[in-house]
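A short worksheet on the structure shown next.
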Amino acid sequence: MIRVSPRARNLRVAGALCVVAAAVLVTGCGASGDETTATATSEAAKVVPQQTTSASKSASGSPSATAQLTKDQKERKRLIEATKVTFDKAAKTAVGEVAGSKLAELDLDDGDSAASASPSGTKSPSGSTRPSGSKSASPSGAMSSSSMSSGSPSTGAVKPEWVAEVVEKDGTAHTVRIDAVSGEVIEAKADTDQDAAEKKQMAQWITEATQTPEQAAKVATDKKKGTVTSVNLDDNNGKGVMWAVDVVDADWMKTTFDVDAKTDTIIREKTDNN
């Protein structure tokens, strides 16, 4: 007769399979084997549900595998989710404020930072100097440098605005601020600190740009689906002019496409990993 040791009967830590195996071995022992089998089956019933529950917790109880959003992604998310007026509608409204003008720049921004931003001659993403009467194009995304410089996203209610720069045929620039929720014009004014050289430069740029900002935006979104948050006319390192188009995708990542303003071809693209 095969004798099953007490250790084999009580080895619960090995799991249900070991307990059931012990029960099978005891079956040939007559009446005592039947009693042992019943005990083993009862013990297995206690162990198996615990293992199943543990597996379930590991599968569904853990945090989402999606990476946590960065502060820049959070800012983009807040701003875009609050925006009701699309880029193309804002562009149409902006040029409609100044007769005969063309769009040179359009950025989605938080109203608080947009109102406090002071235009100055700053470097554009391509390295050329933007005329002092216009805003600088920030490579960090749709938000201005002031809204992105803080250590964490702002906690107040977001006030999205489209801030546009439209240029007359002679190069005179105008800033137009548009409520990105209602679509109403908040402010429209000429940039008074332009000098003659700056006006000449802007007049040259808008003449050279035979492709519209809307066309450049379509080229960018055909390449990457998302929301257009910024379009800026800029110098292409001395090789003509280009449109710098920012597109924010479903993961709140921003990609900047430099699109040739004459041929509508993509010159380069860069994704901001922040």
Side-chain angles (χ1 to χ4, degrees), residues 72 75-98 101-125 129-150 153-154 156-168 171-194 198 202 205-206 209 212-214 216-217 220 226-234 243-248 254 256 272:
D72 287 357
E75 281 292 337
R76 294 177 194 130
K77 183 176 185 294
R78 290 177 69 248
L79 198 58
I80 292 173
E81 287 183 341
T83 298
K84 305 300 181 185
V85 178
T86 59
F87 148 78
D88 53 336
K89 291 182 179 179
K92 184 177 180 180
T93 299
V95 296
E97 281 297 302
V98 181
S101 68
K102 291 185 177 181
L103 186 71
E105 182 172 356
L106 184 61
D107 295 293
L108 182 62
D109 212 335
D110 190 320
D112 291 336
S113 60
S116 61
S118 57
S120 60
T122 56
K123 292 290 183 179
S124 67
T129 302
R130 269 305 261 195
S132 62
S134 62
K135 305 178 298 302
S136 61
S138 171
S140 63
M143 283 59 69
S144 68
S145 58
S146 59
S147 65
M148 296 299 295
S149 61
S150 60
S154 57
V158 65
K159 299 176 181 178
E161 290 183 9
W162 286 104
V163 183
E165 180 181 79
V166 296
V167 180
E168 295 183 66
T172 300
H174 299 254
T175 298
V176 182
R177 293 170 52 212
I178 302 164
D179 189 309
V181 177
S182 68
E184 296 180 357
V185 174
I186 300 170
E187 180 183 40
K189 63 179 181 180
D191 295 333
T192 57
D193 52 354
Q194 282 183 292
E198 291 164 351
M202 291 305 298
W205 282 5
I206 62 172
T212 67
E214 290 84 357
T227 302
V228 175
T229 58
S230 178
V231 178
N232 299 288
L233 185 62
D234 207 346
W243 291 105
V245 183
D246 288 350
V247 178
V248 177
K254 177 187 73 69
T256 299
D272 184 351

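When a residue number appears, it is its place in the shown sequence, counting from 1.
Of all heavy-atom pairs between E97 and A188, the closest is OE1-CB, 3.9 Å. What you find for L103 and W243 is that their closest heavy atoms are O-CH2, 3.2 Å. Closest heavy-atom contact between I80 and L108: CG1-CD2, 4.3 Å. Looking at every heavy atom in both residues, W205 comes nearest to D234 through CH2-OD1, 3.7 Å.
By the side-chain hydrogen bond (donor to acceptor under 3.5 Å, both in side chains) test, E168 is found to be paired with H174, residues two or more places apart in sequence or in another chain being considered. A search for salt bridge (Lys or Arg N to Asp or Glu O under 4.0 Å) contacts involving E187 returns R177, K189, not counting sequence neighbours. Here T172 pairs with D170 under the side-chain hydrogen bond (donor to acceptor under 3.5 Å, both in side chains) rule; sequence neighbours left out. Partners of E81 under the side-chain hydrogen bond (donor to acceptor under 3.5 Å, both in side chains) rule, at least two apart in sequence or in another chain, are K77. Residues passing the side chain to side chain contact (heavy atoms under 4.5 Å, CB included) test with A220 are V245, V247, F257, sequence neighbours excluded. A search for side chain to side chain contact (heavy atoms under 4.5 Å, CB included) contacts involving S182 returns D179, E184, not counting sequence neighbours.
Salt bridge D246/R76: absent, no basic N to carboxylate O contact under 4.0 Å.
For the side chain to side chain contact (heavy atoms under 4.5 Å, CB included) test with E105, the passing option among N232, V166, T175, V167 is N232; the others fail. For the side chain to side chain contact (heavy atoms under 4.5 Å, CB included) with P160, the qualifying choice from I178, D109, V181 is V181, the only one to do so.
A distance of 8.0 Å separates CG in D107 from CH2 in W162, rounded to the nearest 0.5 Å. How far CD of E165 is from CE of M202: 4.5 Å, rounded to the nearest 0.5 Å. To the nearest 0.5 Å, atom NZ of residue K254 and atom CD of residue E75 are 14.5 Å apart.
The shortest distance between side-chain heavy atoms of D110 and K159 falls below 4.5 Å.
Side chains of D272 and T256: a donor-acceptor N/O pair is absent below 3.5 angstrom, by distance only.
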Only distances under 3.5 Å count here; give the side-chain donor-acceptor pairs of residues 85-93 to other protein atoms, sequence neighbours excluded, each with its distance to 0.1 Å.
unit_1	atom_1	unit_2	atom_2	d
T86	OG1	D88	OD1	2.5
T93	OG1	K89	O	3.0

